[in-house]
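Read the structure below first, then the notes.
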Amino acid sequence: MTLGYTRRVTIADRPTGHFISIEGPDGSGKTHQARLLADALRDRGHDVLLTREPGGTPLGDRLYELLMANGGEPIDRIADAMLFNASRAQHVAKVIRPALAAGRVVISARYADSTMAYQGYGGGVDLETLRRIIAIATGGLVPDRTLLLDLPAETGLARKTPDSHTRFETAFDLAFHLRVRAGFLEMARAEPSRWVVIDADRPSGAVFASVLDAALHLLDRPMTAVIGGESEPTATRTRIDP
Ligand code: TMP
């Protein structure tokens, strides 16, 4: 199952930067690993933009507050998906695309695959509907590489302290989180040229070695033409129009 963006753009249209997203279930260490990766790449001379979803812009941060609030009015599932994607549209337009156009390496802790995993596989919203919403929000911007920090849902949830619980940990049962994990793994299996699955049920240093390795594999290889067909993994470029 892919995000469903099918038309690759011409070389001239391509942003020159690189886009890496880090995904995974709650408690998988995405924020920490994203920070470590940003520091390591900066040490190697890369111009890095570290960002996150939900959030990543002032508007996105306000939407994040709304979305994460415990209690209050139950949010309709489509409204939920659209709010995450309203935040994403702002993030893509105002932060990610300009950074890629400037040739920067963008690292985002979570991106569109989180909507597929949480609202889709976890929450049961039709996957094709979500693909359409995501395509509008992102204009077809797909990461060059997506690192999945995979670990058992129970382990991830146990790592979260009670005061860091969002409504996703309090309102959804373990079965929801099991579906989220399975969804991530299914997407990774379906699109191996983009995804790298990393065992996150290990000490942070070991996880980071894998994260850095995957990122360097992407950044150190020369780009090749990939228009109109499947490409060699590290040559897959960022923008694909819906
Ligand atoms: P965080 O724990 O990475 O800050 O993310 C907050 C929660 O938001 C997390 O449980 C996953 C959820 N989420 C979605 O449900 N859909 C999305 O599109 C995104 C980006 C996050």
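In each ligand, atom 1 is the first atom listed, and ligand 1 is the first ligand listed.
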Let me see the working for R189 and E186 under salt bridge (Lys or Arg N to Asp or Glu O under 4.0 Å), right down to the final yes or no. CA-CA 5 Å; R189 267 194 303 274; E186 186 174 320; 5.2 Å; no

Y111-ligand 1 polar pair, N/O distance under 3.5 Å: no

Taking the six-membered ring of Y64, is NZ or CZ of R52 closer than 6.0 Å to its centre and within 45° of its axis? yes

Is it the side chain, the backbone, both or neither of T115 that has a heavy atom closer than 4.0 Å to ligand 1? both

Just checking Y118 against F84, ring centres under 6.0 Å apart? no

Are any of the N/O atoms in D26 less than 3.5 Å from those in ligand 1? yes

Could you tell me whether R194 and D113 have a side-chain N and a carboxylate O separated by less than 4.0 Å? yes

Restricting to heavy atoms, the pick from E23, H91, R110, R52 nearest atom 4 (O) of ligand 1 would be R52

